[in-house]
There are 2 protein chains.
Amino acid sequence: MEYYRAVFNEFLRARKLKCTGQRDSILDVFLKTERHLTADEIYGLAKKRNPKIGYATVYRTLNLLYEVGLAREVNWGDGKIRYEHKYRHRHHDHLICTKCGKSIEVFDKQLEKIQAKLSREKEFIPTHHQLNIYGVCDKCRKR
Amino acid sequence: MEYYRAVFNEFLRARKLKCTGQRDSILDVFLKTERHLTADEIYGLAKKRNPKIGYATVYRTLNLLYEVGLAREVNWGDGKIRYEHKYRHRHHDHLICTKCGKSIEVFDKQLEKIQAKLSREKEFIPTHHQLNIYGVCDKCRKR
DNA sequence: TCCATTTTGATAATGATTATCATTATCATT
DNA sequence: AATGATAATGATAATCATTATCAAAATGGA
């Protein structure tokens, strides 16, 4: 936690950007929540500890966290970007329940290998990828 | 082609919806283009053969094509929904070049199997999925 | 402390998509 | 072919997430 903050501050210094209370609050909220958060949700949480915080600052800071590699952007096709921890968190994919909106993280080594193979075959240099499996989760099915 | 039109008309009749010139034009444009089109692009093409056509009708018709299963919605994370043929076209995934925006279709049987396995493990009933691999294509790399 | 530079927050702007609603078109039935 | 109930249309307003604008405030090196 302390380490992640240091990573961010180092990034700011290197880019001649400034450390501010708002950026601290937003990073804090982001790090403390082990969930996929939208900008709006982060705004709500950050506002609790710093009521003067504005929407634009949340968006700006999330883009910085994305740039420095602390956050990953996730797109579930509902028109909102979600953010999840990236730094020191292994890549994974998502099962997304279309009934309740909850997500389950999954990982498979073989999957990654096949993706690399497909890219190679097409002489394509992959940078990142996103696999979303939509369906109905256990709980919703039994409901 | 004629068959797809019949499928759509059958769907409309079953839902007590009406066959209209606009719907014909939009379906025609959609079927004749072997590319991933946005609503805006389809609007442009449909307007050529039927200048009176409106934006809203394009969106409404695309949603119908999605419902009847003739179109698949593709989301490449750039804020626009794209449409591609689904009926009698095998499912596939996409390599998306972040330089030129072009896409390459890929398919791997093993990939589908692994996805089914991951779903099973989490007692999740998958309905559909989307895998996007982002990166740089052959042409852009050599440029 | 000073000051150049960056940040901030309020709000306007943007861009894709959807909703509204008065008018028009469709189609099964006469 | 005319009727009428219902659905469709198109122009445009509304929505919603995100980005841009800009004057005022905060930061941090000198």
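Order of the sequence lines sets the chain letters (A, B, ...), proteins ahead of strands, with each chain counted from 1. Computed from a prediction, not measured in an experiment: that's the story for all the values here.
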Most 5' of B:V58 and B:R15 on DNA chain D, judged by nearest nucleotide
B:R15
Rounded distance in Å - CG (B:N9) to P (D:dA8)
13 Å
Map B:C19 and A:N50 onto DNA chain C by nearest heavy atom, then report which one ends up closer to the 5' terminus.
A:N50
Between A:H85 and A:F30, is the ring centroid distance below 6.0 Å?
yes
Interatomic distance where CG belongs to B:L12 and C1' belongs to D:dT6 [whole Å]
15 Å
Between the base of C:dG9 and the side chain of A:R60, is there any donor-acceptor pair under 3.5 Å?
yes
Presence of donor-acceptor pair under 3.5 Å, side chain of A:K18 and base of C:dT5
yes
When you measure from the centre of the six-membered ring of A:Y83, is the NZ or CZ of A:R72 under 6.0 Å away and within 45° of the axis?
no
Going by distance alone, is a donor N or O of one side chain under 3.5 Å from an acceptor N or O of the other, for B:H91 and B:H128?
no
How close or far is atom P of D:dT9 from atom CG of B:D24, stated in whole angstroms?
10 Å
Checking side-chain polar atoms at under 3.5 Å, does B:H94 have a donor or acceptor matched by the opposite partner on B:E84?
yes
Would you indicate, yes or no, if C:dT18 has its OP1 or OP2 atom less than 4.0 angstrom from a side-chain nitrogen or oxygen of B:Y59?
no
Answer whether the closest heavy-atom distance between the side chains of A:I104 and A:I96 falls below 4.5 Å.
no
Pairing partner of C:dT29 (Watson-Crick or G-U wobble, both distances under 3.5 Å):
D:dA2
Taking atom P of C:dG15 as reference, at what distance in whole Å does atom CG of B:N75 sit?
19 Å
For B:T57 and D:dG10, is the shortest distance between a side-chain N/O and OP1 or OP2 below 4.0 Å?
yes
Can you check the A:L64 CG to D:dT18 C1' distance for me, whole Å?
15 Å
Phosphate OP1/OP2 of C:dT8: any A:R23 side-chain N/O under 4.0 Å
yes
Taking the nucleotide of DNA chain C with the nearest heavy atom to each, does B:Q22 or B:T38 sit closer to the 5' end?
B:T38
Can you tell which of C:dA19, C:dT6, C:dT17 lies closest to the side chain of A:L17?
C:dT6
So, does A:T20 get its side chain near the phosphate of C:dT8, meaning an N or O under 4.0 Å from OP1 or OP2?
yes
Please state whether the phosphate of C:dT18, meaning OP1 or OP2, lies under 4.0 angstrom from any side-chain nitrogen or oxygen of B:N63.
yes
d(NZ, B:K16; P, D:dA8) in whole Å:
13 Å
Whole Å only: how far is the CD1 atom of A:I53 from the C1' atom of C:dT8?
10 Å
To the nearest angstrom, the CD1-P distance between B:I81 and C:dG15 comes to 18 Å
